[in-house]
Asks: 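This is the structure, below, for whatever I ask next.
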Amino acid sequence: MTKTIDVQLNAKAVAELKKGYPLILKDAVLNPQVLKEEGSIIKLVDRNWRFVAKGYYGVQNKGIGWVLTRKENEAIDFDFFKSRIAAALKRRESLFEDADTTAFRVFNGEGDGIGGLTIDYYDGYYVVSWYSEGIYSLKHHIYNVLEKIVEYKAVYEKKRFDTKGQYIEQDDFVKGEPGDFPIIVKENGMNFAVDLNDGAMTGIFLDQRDVRKAIHDKYAEGRTVLNTFSYTGAFSVAASLGGAAKTVSVDLASRSESKTIEQFSVNGIDYEQQEIRVMDVFDYFRYAKRHELKFGLVILDPPSFARSKKYTFSTARNYPELVKDAIAVTEKNGFIVASTNNASFGMKRFKTFIDRAFKETNTRYKILEESSLPRDFRSNRDFPEFNYLKVVILQKLN
Ligand code: SAH
């Protein structure tokens, strides 16, 4: 066992932690010189060395570690990790029983009690993501727990912290019987091909499950659909299976084309009846405006920040412009799905971006739905900053 270090926090941080805030911010630490080895278990104390909580030291962009328990006597050992992971699995029992959905998140970091760690389930395969050197150094506990309490085909892992180039040739396989990728997982009856051993991404963003379902069930039927920043075309698949007349998927990554063809194909959709364009979304908007193309559904799901040869896009600055582009190519009574995963602003501000775009184009709209992360991406309601996803589905009225 690593020895426990006493870390003193300022009064503001102590008050926040007492309210349940799980993150330890760098600036809150009064004696940073004691923090040496990532993965150390730390006792968080106030100015007078009184116990507040216990956590671990692990550097992420957001902070320098996470609270693990507020009980002074609870040891951070195998039993600790077992209790948190077992509770998380239990909360997802209904998903495990749902034959129509075989891919979802089983452990969501601080929302399930351990910041910096997520575990996703893909039809018998588990993918563990480590967000700091600190939590990674505690991996033996987590892998021991998985060994004991779940049945898996194989375990894969993603290191989502700066490994300083050490693992460039990394293989994400950890243990079990290696998968023959792509494997096909299901989500509300739709098929998705995933590869768990192909870099940071697997082929599907699990946090958009509810949005894919909404598009499939309510917004696609009979419509022509423009899916921007389409990646592997998952929203296009949902729209097409939901009865869309046609989909156009636009992404500038060249591999998005073969990946999108694959996603259509595993759903029995003839990809030749769909349009897949490898190009800059902003160029596509120009092209669509020039040709007066109109869509019944436009999907916007840009990365928080993107730089292409011609344009730099930041959701925090340029979202209103993006919505204006979408408005220009949306039919009267058409739908726009506006999504962002930028954690630096909340829903309220996001809606002001949308509102500004409509005001500046003298267009009216009606919000039909607002949503955030699905239930398996558990997050504490008191701290909305950890619930990064914001989705607004609206109708353009004129
Ligand atoms: N909507 C997708 C996920 C989008 S990920 C889904 O639900 O699966 C973001 C994607 O934006 C990446 O595939 C990236 O290649 C693409 N991208 C970034 N900047 C772009 C640009 N200027 N034009 C087109 N695609 C862009």
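Computed from heavy atoms alone, side chains included, the values below leave out hydrogens, waters and symmetry copies. Read the numbers this way: they start at 1 and go in the same order the structure lists the ligands and their atoms.
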Asks: For Phe282 and Phe313, what are the C-alpha separation, side-chain angles and deciding distance, and is it a ring pair (Phe, Tyr, Trp, His ring centres under 6.0 Å)?
Replies: CA-CA 10 Å; Phe282 301 102; Phe313 177 86; 5.6 Å; yes

Asks: What residue and heavy atom of the protein are closest to atom 7 (O) of ligand 1, and at what distance?
Replies: Phe235 CE1, 3.2 Å

Asks: Of the protein's non-hydrogen atoms, which lies at the shortest distance from atom 9 (C) of ligand 1, and what is that distance?
Replies: Pro303 CD, 3.8 Å

Asks: Identify the protein heavy atom lying closest to atom 5 (S) of ligand 1, giving its residue, its atom name and the separation to 0.1 Å.
Replies: Phe205 CE1, 3.9 Å

Asks: Which of these, Phe192, Tyr284, Phe229, Tyr311, has its nearest heavy atom closest to atom 26 (C) of ligand 1?
Replies: Phe229

Asks: Give me the nearest non-hydrogen protein atom to atom 22 (N) of ligand 1 as residue plus atom name, then the distance to 0.1 Å.
Replies: Asp280 OD1, 3.3 Å

Asks: Around atom 25 (N) of ligand 1, find the nearest protein heavy atom and jot down its residue, atom name and distance.
Replies: Leu252 N, 3.2 Å

Asks: Looking at every non-hydrogen atom in both residues, tell me the closest pair between Ala220 and Ala239 and how far apart they are.
Replies: CB-O, 3.4 Å

Asks: Assess Met279 for proximity to ligand 1: is some non-hydrogen atom of it under 4.0 Å away?
Replies: yes

Asks: Give me the residue, atom name and distance of the protein heavy atom closest to atom 23 (N) of ligand 1.
Replies: Val281 N, 2.9 Å

Asks: At what distance is the nearest protein heavy atom to atom 19 (N) of ligand 1, and which residue and atom is it?
Replies: Ala306 CB, 3.5 Å

Asks: Rounded to the nearest 0.5 Å, how far does CD1 of Ile24 lie from OH of Tyr56?
Replies: 8.5 Å

Asks: Considering only protein heavy atoms, which is closest to atom 1 (N) of ligand 1, and at what distance to one decimal place?
Replies: Asp301 OD2, 2.8 Å

Asks: Could Glu331 and Lys396 be called an ion pair, given the rule that one side-chain N must be under 4.0 Å from one carboxylate O?
Replies: no

Asks: Between Asp325 and Arg286, is the closest basic N to carboxylate O distance under 4.0 Å?
Replies: no

Asks: If the test is side chain to side chain contact (heavy atoms under 4.5 Å, CB included), which one of Arg160, Glu38, Glu157 qualifies with Tyr136?
Replies: Glu157

Asks: Regarding atom 10 (C) of ligand 1: of the candidates Asp251, Asn227, Val237, which has the closest heavy atom?
Replies: Asp251

Asks: Between Glu187 and Lys213, does any NZ, NE, NH1 or NH2 come within less than 4.0 Å of an OD or OE carboxylate oxygen?
Replies: no

Asks: Check this for me - ligand 1, Ser308, N or O atoms closer than 3.5 angstrom, yes or no?
Replies: no

Asks: What about the rings of Tyr156 and Tyr122, do their centers lie closer together than 6.0 Å?
Replies: no

